[in-house]
Amino acid sequence: MTKKLLQPFILLSAFLLMACGGKEKASEPSPVIDTIPMMVMQIQKCAKLYTAEYQVHKIVTHDDQMKLKGSFLQKEFDITLPMGKRKIAIPMDASLKAYIDFSDFSEKNVRKRGDKIEIILPDPKVEMTSSKINHQEIKRHVSLLRSNFSDEELSIYEKQGRAAIINDIPKMGIIHMAQENAANTLIPMIEQMGYPQSNITITFRKKYTVSDLPSLLDQKTFAR
Amino acid sequence: MNDNKQLTGNTSPQPPQTPQPSTLSTLFHALGTVSKWVLGGIALFILLVIIASYLIYRSVVATGADIEVDQRIGITPTQIASIKQIGEWEFLSVSDEEMVDTTRNRFFADDELVRIYYGTLRLGIDMSEVKGQWIKKEKDSIIVTLPPIKLLDEKFIDEAQTKAFYESGKWTDEDRQMMYERARQRMRARCLNRQNIESAEQNASRQFYQLMRSMGFSQVTIRFEGGSNKVKSEE
């Protein structure tokens with residue numbers, strides 16, 4: 001009786017062991033992560049007329065203190081650790097340029113009435129074309145118990161300084177200057193085509209205000 | 001006749017055997033004898049113990065501390081150093097990345113600093129370099145003579161976008177300035193080549209041709225100064 005009960009169990013166990021065995025699947029190769037960015041050269045044809053250039057200067061400052069933050073029995077605490085402070089001042093210069101994009105310029109932008117001509121220009125845009133850190137003028141103070149500023153930390157502060165410069169662009173009046181200078185550049189050119197200066201009119205799509213500025217910033221200006 | 005038979009031996013009848021009560025049935029029997037108030041009290045006590053345990057657990061789990069350092073920069077003004085009127089036509093932009101590294105040999109292990117720089121070289125013409133009568137109109141035709149294509153600005157690196165890739169050891173600001181110069185020279189050598197200049201010239205011809213056609217001229221000729229033979233003439 002016992003043997004009859006045991007036999008099916010033995011057979012079932014044998015089948016189960018056979019199912020568990022077998023060849024291991026070849027492990028899929030782990031995806032290769034390229035931690036070094038590709039050296040990309042992106043070449044772009046364009047037709048931009050830069051009419052105004054602003055050289056700006058900013059001193060990026062940072063000071064920090066180590067703090068112990070947390071909660072104990074649902075009560076939050078914030079304690080300044082007596083490890084000393086770190087301070088740094090990073091002078092940086094940036095170049096901002098306003099331009100008119102002539103890529104889509106066509107007959108639709110030109111209105112002629114006899115010997116009078118009106119040019120309707122596209123919206124001006126602003127671009128940060130370069131930035132430079134003045135390494136020789138960087139000033140720092142690091143307490144004895146603190147570690148020096150790392151390269152990564154310096155990059156973080158410089159990126160924030162760059163973003164702060166971009167946020168200050170609406171206060172600079174660069175769009176108005178770009179419009180004026182576009183007229184000053186194009187009018188002599190059109191004069192050489194045979195039109196008297198008094199018959200030349202340069203107009204823009206609309207009168208731009210500070211609220212229009214976010215749409216007039218070149219997308220490449222924003223941080224990566 | 002008496003047919004009753006007398007049985008010998010143990011004649012007392014065996015009582016029927018009752019099964020042993022299980023633990024569960026004993027428990028249910030005991031519960032049945034306890035009053036409802038006592039049962040309610042026990043249930044309430046168990047509930048209070050569960051609630052208290054949960055509150056103590058939450059307090060213990062919520063306990064923790066971290067050392068934090070605020071990485072935000074201070075608020076400082078942006079000063080305008082100069083404002084300039086310019087007239088630069090850009091016809092080709094070349095965006096480039098360069099990885100620059102520097103190594104210092106030490107006794108135990110080498111120090112190394114690796115940074116990735118980003119820049120955009122802009123090729124085009126500077127309107128301040130055009131000579132007088134660079135646009136000549138002859139009836140319906142027009143001849144445009146453009147100055148040579150050049151790099152519009154020697155400052156083309158966006159150093160604030162630089163990525164710190166790897167650092168070991170101590171490095172000075174002079175080292176970083178030296179790395180910036182190396183990146184600038186590499187980008188200039190890589191991007192300012194004959195092929196890109198020719199591409200910019202071709203684009204300049206095309207763009208000025210379209211501009212002159214938009215102004216109403218049917219015959220347009222585009223030339224470059226400095227012996228460049230780029231001529232685009234359409235009728």
Side-chain angles (χ1 to χ4, degrees), chain A residues 37 39-62 64 66-74 92 95 102 105-107 110 129-133 135-136 138 150-152 155-162 165 168 172 181 185 192-194 224, chain B residues 59 62-74 76 78-99 113 116 127 133 135 137 142 153 155-164 167 171 173-174 176-177 191 196 203 207 210-211 214-216:
Chain A
M39 287 181 206
V40 172
M41 249 197 331
Q42 192 182 11
I43 300 173
Q44 199 174 17
K45 290 183 181 175
C46 50
K48 295 178 184 174
L49 174 61
Y50 291 95
T51 58
E53 181 182 2
Y54 275 54
Q55 295 288 343
V56 298
H57 177 74
K58 186 175 184 68
I59 298 177
V60 178
T61 61
H62 171 76
D64 65 49
M66 285 179 93
K67 292 190 174 188
L68 185 68
K69 281 186 179 179
S71 68
F72 180 71
L73 297 179
Q74 295 197 333
M92 62 185 289
S95 177
F102 279 83
F105 192 89
S106 65
E107 295 88 7
V110 181
T129 55
S130 71
S131 64
K132 177 76 181 72
I133 307 298
H135 294 285
Q136 284 85 359
I138 291 178
S150 67
D151 199 40
E152 197 172 341
S155 293
I156 291 170
Y157 306 145
E158 288 159 12
K159 277 194 176 71
Q160 289 182 52
R162 186 184 185 278
I165 290 173
D168 287 337
M172 295 178 193
N181 293 345
T185 302
Q192 294 205 15
M193 294 178 199
R224 293 167 194 274
Chain B
S59 302
T63 299
D66 279 317
I67 294 175
E68 285 184 8
V69 175
D70 190 0
Q71 294 286 22
R72 289 175 298 181
I73 61 170
T76 54
T78 302
Q79 297 160 341
I80 299 173
S82 67
I83 301 172
K84 212 164 63 167
Q85 176 185 341
I86 57 175
E88 293 171 352
W89 283 90
E90 176 193 327
F91 294 110
L92 194 78
S93 74
V94 186
S95 299
D96 191 22
E97 304 175 341
E98 288 289 342
M99 187 163 67
L113 179 63
I116 301 171
M127 298 298 286
Q133 296 295 313
I135 298 178
K137 182 189 166 191
I142 194 159
D153 198 343
K155 291 183 286 183
F156 47 78
I157 290 184
D158 197 348
E159 197 177 1
Q161 296 261 49
T162 303
K163 201 174 282 184
E167 181 185 16
W171 296 94
D173 298 321
E174 285 75 21
R176 292 185 179 86
Q177 175 63 29
C191 304
N196 285 341
N203 194 36
Q207 296 293 341
Q210 282 175 358
L211 182 66
S214 304
M215 304 294 276

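Here is how names work: the chains are called A, B, and so on, in the same order as the sequence lines, proteins then strands, and each is numbered from 1.
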Visitor: Strictly distance-based, threshold 3.5 Å: is any side-chain N or O of B:Asn203 a donor or acceptor partner for the main-chain N or O of A:Cys46?
Guide: yes

Visitor: Looking only at heavy atoms and a cut-off of under 4.5 Å, which of A:His135, A:His62, A:Gln160 has the most pairs with chain B?
Guide: A:His135

Visitor: Picking from A:Thr51, A:Ile138, A:Thr185, which has the most non-hydrogen pairs under 4.5 angstrom with chain B?
Guide: A:Thr51

Visitor: If we define contacts as heavy-atom pairs under 4.5 Å, which of A:Glu107, A:Lys69, A:Glu152 has the most with chain B?
Guide: A:Lys69

Visitor: For the interface with chain A, which of B:Gly74, B:Ser214, B:Ala81 has the highest count of heavy-atom pairs at distances below 4.5 Å?
Guide: B:Ser214

Visitor: Do A:Lys48 and B:Gln207 meet the criterion of a side-chain donor-acceptor pair at a distance under 3.5 Å?
Guide: no

Visitor: Of the backbone (N, CA, C, O) and the side chain (C-beta and beyond), which part of B:Phe156 lies under 4.5 Å from a heavy atom of chain A, both, or neither?
Guide: backbone

Visitor: Sort out for me which of B:Gln177, B:Lys137, B:Arg72 touches chain A most, counting heavy-atom pairs under 4.5 Å.
Guide: B:Gln177

Visitor: Less than 4.5 Å to any heavy atom of chain A: does that hold for the side chain of B:Asp70, its backbone, both, or neither?
Guide: backbone

Visitor: Does a side-chain heavy-atom distance below 4.5 Å link B:Met215 with A:Met193?
Guide: yes

Visitor: Between A:Gln192 (side chain only) and B:Ile135 (backbone N and O only), is there a donor and an acceptor less than 3.5 Å apart?
Guide: yes

Visitor: When rounded to the nearest 0.5 angstrom, what is the spacing between NE2 in A:His57 and CD1 in B:Ile80?
Guide: 13.0 Å

Visitor: B:Gln79 versus chain A, heavy atoms under 4.5 Å apart: side chain, backbone, both or neither?
Guide: both

Visitor: Which heavy atom of A:Ile156 sits nearest to which heavy atom of B:Gln71, and what is that distance?
Guide: CG2-O, 4.5 Å

Visitor: Return the minimal non-hydrogen interatomic distance between B:Lys155 and A:Ser130, and the atom names on each side.
Guide: O-CB, 3.2 Å

Visitor: Working to the nearest 0.5 angstrom, can you tell me the gap between A:Gln136 CD and B:Asp173 CG?
Guide: 8.0 Å

Visitor: Counting only heavy atoms closer than 4.5 Å, note whether A:Asp168 contacts chain B via side chain, backbone, both or neither.
Guide: side chain

Visitor: Where do A:Met172 and B:Thr78 come nearest, in terms of heavy atoms and distance?
Guide: CE-CG2, 4.0 Å

Visitor: Considering only heavy atoms, which portion of B:Ile142 lies under 4.5 Å from any heavy atom of chain A: side chain, backbone, both, or neither?
Guide: side chain

Visitor: Which heavy atom of B:Ala160 sits nearest a heavy atom of A:Ser131, and at what distance?
Guide: N-OG, 2.9 Å

Visitor: Strictly distance-based, threshold 3.5 Å: is any side-chain N or O of B:Glu167 a donor or acceptor partner for the main-chain N or O of A:Asp151?
Guide: yes

Visitor: If you count heavy-atom pairs within less than 4.5 Å of chain B, which of A:Val110, A:Ile59, A:Ile165, A:Thr61 leads?
Guide: A:Thr61

Visitor: Take B:Leu92 and A:Ile43 through the side-chain contact (heavy atoms from CB on, under 4.5 Å) test and state the conclusion after the steps.
Guide: CA-CA 7 Å; B:Leu92 194 78; A:Ile43 300 173; 3.6 Å; yes

Visitor: Under 3.5 Å, side chain of B:Glu159 to main-chain N/O of A:Ile133, donor-acceptor pair present?
Guide: yes

Visitor: In terms of heavy-atom proximity below 4.5 Å to chain B, should A:Met92 be classed as side chain, backbone, both, or neither?
Guide: side chain

Visitor: Measuring heavy-atom distances to chain A, does B:Thr76 have an atom under 4.5 Å in its side chain, in its backbone, in both, or in neither?
Guide: both

Visitor: Under 3.5 Å, side chain of B:Gln161 to main-chain N/O of A:Arg162, donor-acceptor pair present?
Guide: no

Visitor: Which bit of A:Leu49 comes within less than 4.5 Å of chain B, counting heavy atoms only: side chain, backbone, both or neither?
Guide: both

